[in-house]
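Remarks on the structure that follows.
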Amino acid sequence: MVTSHGEQHTVGHPTFKQYVLVAVILFAITIVEFLMIWEKLGIDWETSTALSKSKIPLLIALSAVKFGIVISFYMHLKFDSLLFTGIFLAGLALAFAAGIALLGIFSGIEGEPREFAKEHAVPFVEEGHEEGITEEHESKTSEVEGSANLQIGVQGNALEFDLSSLSAPAGSEVVLTFDNVSIINQHNWVLVQAGTKDAVSADGAVAGPSNSWVPPDDERVLAQTQLLDPGESEEIRFVLGPGTYQFVCTFPGHNTTMFGDFQVTQPTS
Amino acid sequence: MAHNIETAHGADHEYTSTGLNHRKLLMWVFLSSDCLFFGALIATYMVYRGQSLVGPYPNQIIDIPLTTISTFVLLMSSFSMVQALSATIRDDQKGIQFWLLATAAMGAVFIGFQVYEFNAFKNEGLTLGINLFGASFFTLTGFHGAHVTLGIIWLLGLFFVARKGRLGPRTSLDVELMGLYWHFVDIVWIVIFTLVYLIGGFDTGPTLPLAG
């Protein structure tokens with residue numbers, strides 16, 4: 001027999017008013033949740049702290065209520081066969097259990113950086129300029145025979161050296177002074193084989209701050225300063241054969257904009 | 001009573017062992033499995049909290065007020081979805097089309113907010129590969145957004161079916177199934193919003209300057 005329009009469910013059906021009530025409750029709970037974190041908005045990220053742990057259970061409970069009323073009323077589970085409820089809850093419970101197990105194996109539920117991250121994570125410094133814009137700087141050569149005195153610094157707090165190119169005669173001792181004139185950034189100056197700046201930087205990130213972010217005993221690294229704090233300088237000396245090299249700052253993330261060429265030219269006789 | 005078929009299709013009285021409509025049962029089984037899918041991604045995000053080695057870190061980039069607005073929109077789209085089903089059962093043809101379209105529109109607004117957010121994050125330096133936060137955040141919210149997008153396409157499809165006059169009390173199951181999917185996507189978002197934004201949105205990285 002053809003069943004006509006009307007009740008398609010065996011029991012019950014929320015009324016229009018109940019649907020509206022559910023919507024109002026969803027709306028209201030979301031507002032309450034927003035108000036709970038209201039005071040933490042607008043705080044500078046440099047000084048902001050993680051959400052206080054006492055708020056977390058309440059936020060989760062409020063969301064569980066929203067979850068529950070949408071399922072029960074909008075998805076009609078309250079009025080439908082228990083089999084649907086059983087099927088859905090089985091999947092939900094399994095997912096929940098697997099999630100808890102995963103958390104139990106690895107961490108617990110804090111957002112505090114764990115040991116490895118505590119030691120190795122680096123602060124994020126927002127770039128002072130758009131990526132991709134490079135400015136031309138004069139390159140510096142020294143005419144003094146027998147040695148080359150070079151000086152290189154940083155463009156303020158931007159992640160850029162103040163020279164994009166250096167040069168020195170082959171076979172002569174190069175005396176290079178690196179000035180970290182920035183106020184907030186740590187930097188180094190590392191001379192590497194041409195084309196290897198990014199690879200060395202990647203390995204340097206693994207080597208960590210105790211190695212000044214430079215992989216130790218690496219053939220690609222020809223000379224380097226230590227990791228310099230803001231305001232520090234260092235003078236290093238090295239001798240090179242002719243060819244083209246690269247210099248780079250290997251502080252994590254700086255290598256994309258802090259680098260240049262180092263030409264070692266045949267000395268004029 | 002095992003064989004009292006719960007179906008709105010007047011014509012079909014197919015045999016079932018549970019008394020429940022096959023398509024509806026399938027949808028609930030699917031939603032149950034989708035819990036596992038999102039559960040895995042959410043658990044991954046939770047495990048990776050605080051583990052990123054480079055920034056940007058959540059508190060530098062997450063915009064709670066903006067996302068609260070898009071959350072409201074998605075919650076209200078569940079209300080309009082329920083109205084669409086109501087209209088279908090009542091045989092209110094204009095209502096069916098209106099509410100289906102309204103639901104799709106609100107879903108599209110939600111996606112619009114998300115596209116804007118993803119773009120803003122990318123410009124501020126958070127990409128899929130930059131750190132664990134980027135990887136877990138984009139994977140989780142990206143897959144949710146994909147679910148919403150598929151839902152919008154489905155809603156529009158139903159809208160065009162409705163315009164041909166083919167949605168009504170006898171075919172209300174089609175709209176009901178759409179509703180189940182849509183509400184599920186909404187409740188997944190409720191979980192994501194709470195964990196990733198309200199709670200996780202304040203997670204910090206190390207503060208400047210780093211000791212040498």
Side-chain angles (χ1 to χ4, degrees), chain A residues 2-3 5-6 8-10 16 19 23 26-27 30 33-34 37 40-41 45-46 48-51 56 59-60 63 66-67 70-71 74-75 81 83-84 87-88 90-92 94-96 98-99 102-103 106-107 109-114 117 120-124 184 186 209 227 229 252-253, chain B residues 4 6 8 10-11 18 20 28-29 31-33 35-36 39-40 42-43 46-47 49-57 59-60 64-65 68 71-72 75-76 78-79 82 86 89 91 168-170 172 179-180 183-184 186-187 190-191 194 198-200 202-210 212:
Chain A
V2 173
T3 48
H5 52 265
Q8 73 158 47
H9 305 290
T10 44
F16 177 77
Y19 283 143
L26 290 173
F27 202 86
T30 308
E33 289 174 334
F34 184 74
I37 53 100
K40 294 189 72 70
L41 296 174
W45 63 261
E46 283 100 336
S48 72
T49 56
L51 189 70
I56 293 179
L59 283 172
I60 292 181
S63 292
K66 288 199 284 188
F67 192 97
V70 172
I71 291 197
Y74 282 179
M75 294 172 83
S81 161
L83 188 59
F84 294 137
I87 285 172
F88 183 76
L92 189 64
L94 192 57
F96 195 72
L102 195 66
L103 283 169
F106 288 108
S107 61
I109 30 185
E110 323 104 28
E112 310 292 326
R114 290 200 301 274
H120 297 279
V122 297
F124 179 68
I184 56 171
Q186 292 180 307
L227 185 65
D229 281 339
Chain B
N4 184 9
E6 195 181 305
T18 59
L20 302 172
W28 276 109
V29 170
L31 294 181
S32 187
S33 77
C35 282
L36 287 158
I42 291 171
M46 296 297 284
V47 171
R49 276 177 75 204
Q51 305 316 307
S52 297
L53 296 182
V54 297
Y57 298 95
N59 67 330
Q60 300 167 312
I64 292 183
T68 304
T71 302
F72 276 133
L75 289 176
M76 290 309 106
S78 263
F79 175 75
V82 149
S86 229
I89 294 173
D91 206 3
R170 284 166 32 139
S172 68
L180 289 179
H183 296 310
F184 178 76
D186 188 17
I187 63 181
I190 288 171
V191 178
T194 305
L198 293 177
I199 296 175
F202 297 106
D203 289 347
T204 66
T207 47
L208 290 169
L210 192 63

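Per chain, numbering begins at 1; letters A, B, ... match sequence-line order. Just so you know, these numbers use all the heavy atoms, side chains as well, and skip hydrogens, waters and symmetry mates. This is a predicted model, so every value here is computed, not measured.
The candidate with the highest count of non-hydrogen atom pairs below 4.5 Å against chain B, out of F16(A), F96(A), F67(A), is F67(A). Considering only heavy-atom pairs separated by less than 4.5 Å from chain A, the leading option among S86(B), G168(B), P65(B), G200(B) is P65(B). Looking only at heavy-atom pairs under 4.5 Å with chain A, the residue among I199(B), I42(B), V191(B) that has the most is I199(B). Your options are V54(B), T71(B), L36(B), and the one with the most heavy-atom pairs under 4.5 Å with chain A is L36(B).
Minimum heavy-atom separation, G99(A) to A43(B): CA-CB, 3.7 Å. Between A95(A) and G39(B), the closest heavy-atom pair is CB-CA, 4.4 Å. Closest non-hydrogen pair, S63(A) versus I190(B), comes out as O-CG2, 3.7 Å.
Surrounding OH of Y19(A) are more than 12 heavy atoms belonging to other residues, nucleotides or ligands, all under 6.0 Å away.
Of the two parts of F72(B), only the side chain, counted from C-beta on, holds a non-hydrogen atom closer than 4.5 Å to a non-hydrogen atom of chain A. When heavy atoms are compared at a cutoff of 4.5 Å, A98(A) does not approach chain B at all. With a 4.5 angstrom heavy-atom cutoff, S33(B) does not touch chain A via any of its atoms.
Between M75(A) and L31(B), some side-chain heavy-atom pair lies under the 4.5 Å cut-off. Looking only at side-chain heavy atoms (C-beta outward), F79(B) and L26(A) stay at 4.5 Å or farther from each other. The side-chain heavy atoms of L198(B) and L51(A), taken from C-beta on, include no pair separated by under 4.5 Å. The shortest side-chain heavy-atom distance between I64(B) and F34(A) falls under the 4.5 Å cut-off.
Residue I71(A) holds its CD1 atom at 3.5 Å from CD1 of I187(B), rounded to the nearest 0.5 Å. To the nearest 0.5 angstrom, D186(B) atom CG is 9.0 Å from Y74(A) atom OH. How far OG1 of T30(A) is from CE of M76(B): 7.5 Å, rounded to the nearest 0.5 Å. In this structure, the separation between CG on L92(A) and SG on C35(B) is 4.5 Å, given to the nearest 0.5 Å.
Between F184(B) and F88(A), the ring planes lie perpendicular to each other; the angle is over 60°, past the 30° to 60° tilted range.
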